[in-house]
Every structure is written in C-alpha cells, then in structure tokens.
2 protein chains.
Amino acid sequence: MYVHIFVASFGKSTPPLMKIEDEIKQPTFKDEYQKAHINLIYTTGWIQLRQAAAFREFDVTLPQYNILRILRGQHPKPATVNLLIERMLDKTSNASRIVDKLVAKNYATRTVCPSNRRAVDIHITDAGLELLHNMESVVSHQNTGLHNLTPEEAAQLSDLLDKIRD
Amino acid sequence: MYVHIFVASFGKSTPPLMKIEDEIKQPTFKDEYQKAHINLIYTTGWIQLRQAAAFREFDVTLPQYNILRILRGQHPKPATVNLLIERMLDKTSNASRIVDKLVAKNYATRTVCPSNRRAVDIHITDAGLELLHNMESVVSHQNTGLHNLTPEEAAQLSDLLDKIRD
DNA sequence: CAACATTAAATGTATGTACATATATTTGTA
DNA sequence: TACAAATATATGTACATACATTTAATGTTG
C-alpha cells in the first residue's frame with residue numbers, strides 16, 4: 001500500500017513555515033525515513049533551481065561555474081581534467097565536455113600538457129576571471145535558504161548527512 | 001608542484017564515519033553554511049546514485065519508476081500528463097517524454113481522453129504492475145542510508161530542511 | 001458566431017548525467 | 001627493445017533536466 005505524492009509547485013514558500021507534507025501535498029508518509037528522504041530530494045532540487053536561476057543572467061550553468069571556481073583556485077597553475085573530476089561534487093559528470101563549453105565561451109583554454117602529452121592543461125582566461133568577479137556580489141548575496149538556519153543547526157545538518165553516508 | 005589529491009569516489013564509505021571534508025578532500029569551508037550546502041548536494045547525489053544502481057537490473061530509471069508508481073496509484077483510473085506533473089517531485093522534468101519511454105516498454109498506454117480531446121489518458125499495463133511487483137522486495141530492502149539515522153534524527157533532518165525552504 | 005485567450009500536450013534545443021568504449025601516450029617489465 | 005598494462009582524455013549513446021515554442025482543442029466574450 002503506497003502513499004501518493006501530490007506535489008505543488010516548487011514553492012516560493014509563503015510566510016508560515018511550509019513543512020514538506022504541505023509542499024508536496026502528501027499528508028502522511030510511511031515513516032520518518034521516507035519523509036526525510038523525500039524532503040532531501042525535494043529541498044536539494046529547490047536549492048539548485050534557485051542557484052541556477054541566479055546564474056542564468058550570466059549565461060553560465062552551475063557545473064560550469066563550479067569548474068570555473070576550481071580553475072581560479074589553481075590559477076595561474078593549470079588544471080587537468082583529472083584534477084577537475086577529483087574536486088567536483090559530482091564525479092560521474094563529464095568534466096571534459098563542460099570544459100568544452102567554457103573554452104567555447106572563451107572562459108578557459110585547453111592546451112596539451114608539455115610534460116605529459118596525454119594530459120591537457122586547462123587555464124582560466126582573463127574573461128573567466130572577470131566573469132567570476134562580476135558574479136561575486138550576486139552569488140554572495142543570493143540566499144540559498146541555508147541562512148535560515150543558525151550556524152549550530154547548519155552544523156547539525158552536516159552531521160546528520162555524514163551519518164547517512166556512513 | 002602540487003599534491004595529487006585522491007578522492008574516494010562516491011564512497012562505499014568505510015567503517016569510520018566519513019565527514020564531508022574527507023569525502024571531497026576539502027579540509028576547510030568558509031562557514032557552516034557552505035559546508036552544509038555542499039554536504040546536501042553531495043549526499044543527495046550519493047543517495048540517488050545508489051537508488052539508480054538498484055533500479056538498473058530492472059531496466060528502469062528513477063523518474064520512470066516514480067511515474068509508474070503514480071500510475072499504479074491511479075489505477076484503474078487513468079492519469080493525465082498534468083496529473084503526473086503535479087505529483088512529481090521535479091516539476092520541470094518532462095513527463096510527456098518519460099511516458100514515451102514507458103509506453104515503448106509496454107508498461108503504460110496512452111489514449112486520447114474522450115471527454116477532453118486535448119488531454120491523454122495514461123494507464124499502467126499489466127506488465128507495468130508486474131514490474132512494480134517484482135521490484136518491491138529489492139526496493140524495500142535497499143538501504144538508502146537514511147536508516148543510519150534514528151527516527152528522531154530523521155525527523156530532525158526533515159525539520160531542518162523545512163526551515164531551509166521557509 | 002467570430003476572434004481571442006486559455007489549456008493540454010508535444011516538440012525543439014541546449015545542457016548535463018551516467019556509463020561504456022575508444023584513442024593516444026606513458027610506464028613497467030620480460 | 002618490444003609489448004602489455006596503466007593512465008589521461010575524448011567520444012558515443014541513452015536518458016533526463018530546463019526552458020521556450022508549437023499545435024490542437026476548448027473556453028470566453030463582444
């Protein structure tokens with residue numbers, strides 16, 4: 001016997017706190033585990049949609065932005081595809097093709113690594129650095145919702161998530 | 001020269017609890033907010049990857065499975081694309097094309113709704129019902145990690161997530 | 001009723017995910 | 001040195017996401 005998932009829209013949640021059962025119009029869950037599970041998926045989607053919206057005016061996607069940040073972190077040293085994969089949150093995504101997009105937009109360059117011709121040296125360009133700089137204020141002022149928590153609650157959240165993956 | 005950072009791919013995290021800073025080899029974060037944010041994205045990805053792996057043997061993806069569940073909930077009444085969208089966790093996904101896949105696999109049928117010829121009636125087939133039945137035990141025994149929490153902790157997690165979206 | 005707006009679904013396009021496989025280069029070793 | 005294994009990246013394919021546009025049917029209103 002299954003409970004159904006009625007989902008409203010990704011809410012501009014209004015003044016009173018919207019519990020997950022209200023957001024997706026599902027009054028009951030099998031147990032707290034199912035409820036937390038659905039809440040995790042839903043809330044993470046909610047956060048990422050907001051982030052992507054903030055990035056849209058800069059014509060950059062979230063994965064592209066994340067890679068640019070890694071490239072800036074390396075700058076002026078080069079990165080390789082391997083290094084990008086290691087540092088990305090999503091290891092199964094395709095760094096090579098995301099770099100393609102950045103190169104096409106002139107935010108990164110790709111050259112064969114002289115010391116190891118299998119590898120490629122990837123550098124952020126001045127235009128890429130400038131883009132990140134321009135995005136800075138928007139990104140830092142963008143409220144992802146996390147700041148609705150106290151620092152203690154945020155730490156508590158991290159601990160719970162760590163425990164899930166244990 | 002820089003140290004080669006090895007990231008233990010989406011972990012079968014080993015006995016000792018792997019904190020997020022270990023998982024992605026980032027020793028420090030700007031603050032607890034950034035840490036919790038990254039942990040959310042990472043952990044949700046971790047969970048979904050495990051789920052998808054469990055579904056693979058049935059040759060069904062997670063979105064396809066979720067829609068099949070909704071169709072079974074309606075059965076023997078039909079669903080429409082609109083109804084599917086309302087009940088899906090991810091409203092921006094394309095229900096129409098996911099139904100395409102289910103129809104192609106003979107797990108669903110699509111017929112023009114007689115009372116409103118703009119809409120389509122979507123039904124789960126016997127093969128679809130059988131598939132869900134066969135998946136039941138695998139899905140219910142699959143540990144998504146949530147069960148590493150106590151019910152109280154799961155409830156606490158839900159509360160924190162609700163607060164994020166407030 | 002005609003003109004226009006709304007609704008339901010499908011389609012188009014760009015991007016990304018997930019995974020398998022291919023290509024080139026380098027390393028290890030018999 | 002020759003040759004297999006390992007490494008670094010790229011490519012292919014299927015699927016899904018995100019969002020804009022199109023097509024058809026239905027409602028609405030002057």
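In what follows, every chain begins at residue 1, and chains take the letters A, B, ... in the order their sequences are listed.
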Establish, with yes or no, whether the OP1 or OP2 oxygen of [N] is under 4.0 angstrom from a side-chain nitrogen or oxygen of [X].
{"X": "B/Arg97", "N": "C/dA9", "answer": "no"}
{"X": "A/Gln64", "N": "C/dG16", "answer": "yes"}
{"X": "A/Lys91", "N": "C/dA18", "answer": "no"}
{"X": "B/Arg117", "N": "D/dA25", "answer": "yes"}
{"X": "B/Asn82", "N": "C/dT7", "answer": "no"}
{"X": "A/Arg118", "N": "D/dA6", "answer": "no"}

When you look at A/Leu149 and B/Glu32, which way does the side chain to side chain contact (heavy atoms under 4.5 Å, CB included) test go after all the steps? CA-CA 10 Å; A/Leu149 306 179; B/Glu32 289 296 337; over 6 Å; no
[X] [atom1] to [N] [atom2]: how many Å, rounded?
{"X": "A/Ile85", "N": "D/dT7", "atom1": "CD1", "atom2": "P", "result": "14 Å"}
{"X": "A/Glu86", "N": "D/dT7", "atom1": "CD", "atom2": "C1'", "result": "13 Å"}
{"X": "B/Phe55", "N": "C/dC19", "atom1": "CZ", "atom2": "C1'", "result": "18 Å"}
{"X": "B/Ile98", "N": "C/dA10", "atom1": "CD1", "atom2": "C1'", "result": "14 Å"}
{"X": "A/Ile122", "N": "D/dA10", "atom1": "CD1", "atom2": "C1'", "result": "12 Å"}
{"X": "A/Gln48", "N": "D/dC19", "atom1": "CD", "atom2": "P", "result": "12 Å"}
{"X": "A/Tyr65", "N": "C/dG16", "atom1": "OH", "atom2": "P", "result": "15 Å"}
{"X": "A/Asp90", "N": "C/dC19", "atom1": "CG", "atom2": "C1'", "result": "12 Å"}

Categorize A/Asn94 for me: base, sugar-phosphate, or nothing, with a 4.0 angstrom heavy-atom threshold over every strand shown.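 Base: the residue A/Asn94, judged by heavy atoms under 4.0 Å, touches a nucleobase.
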Determine the contact category for A/Leu62: base if any of its heavy atoms lies under 4.0 Å from a base atom, sugar-phosphate if only primed atoms, P, OP1 or OP2 are that close, otherwise nothing.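 Counting heavy atoms under 4.0 Å across all strands, no contact is made by A/Leu62.
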Select one nucleotide: of [options], the one nearest the side-chain heavy atoms of [X].
{"X": "B/Ser96", "options": "C/dA8, C/dT11, D/dA10", "value": "C/dT11"}
{"X": "A/Lys101", "options": "C/dC19, D/dA10, C/dG16", "value": "C/dG16"}
{"X": "A/Ser93", "options": "C/dA9, C/dC19, C/dT17", "value": "C/dT17"}
{"X": "A/Val81", "options": "D/dT9, C/dT17, C/dA10", "value": "D/dT9"}

Both B/Pro63 and A/Ala119 contact DNA chain D. Which one's nearest nucleotide lies toward the 5' end?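 Result: A/Ala119.
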By nearest nucleotide on DNA chain D, pick out whichever of B/Pro114 and A/Ala53 is the more 5' one.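 With B/Pro114 and A/Ala53 compared, the 5'-side residue is A/Ala53.
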Looking at every non-hydrogen atom in both residues, tell me the closest pair between A/Tyr33 and B/Thr150 and how far apart they are.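 For A/Tyr33 versus B/Thr150, the nearest heavy atoms are OH-C, 3.5 Å.
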B/Thr80 side chain near B/Cys113 side chain, heavy-atom distance below 4.5 Å: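 The answer is no; the side chains never approach within 4.5 Å.
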A/Ser115 or A/Thr61: which one's nearest nucleotide on DNA chain C is closer to the 5' end?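 The residue closer to the strand's 5' end, by nearest nucleotide, is A/Thr61.
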What do the steps show when you test B/Leu157 against A/Ile164 for side chain to side chain contact (heavy atoms under 4.5 Å, CB included), and what is the final call? CA-CA 11 Å; B/Leu157 174 57; A/Ile164 286 175; 3.8 Å; yes
Got a list of side-chain donor-acceptor pairs under 3.5 Å for residues 126-135 of chain B, not counting sequence neighbours?
from, atom 1, to, atom 2, distance (Å)
B/Asn134, ND2, B/Glu130, O, 3.4

Using a strict 4.0 Å threshold on nitrogen-to-oxygen distance, state whether B/Arg165 and B/Asp162 make a salt bridge.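 So B/Arg165 pairs with B/Asp162 through a salt bridge.
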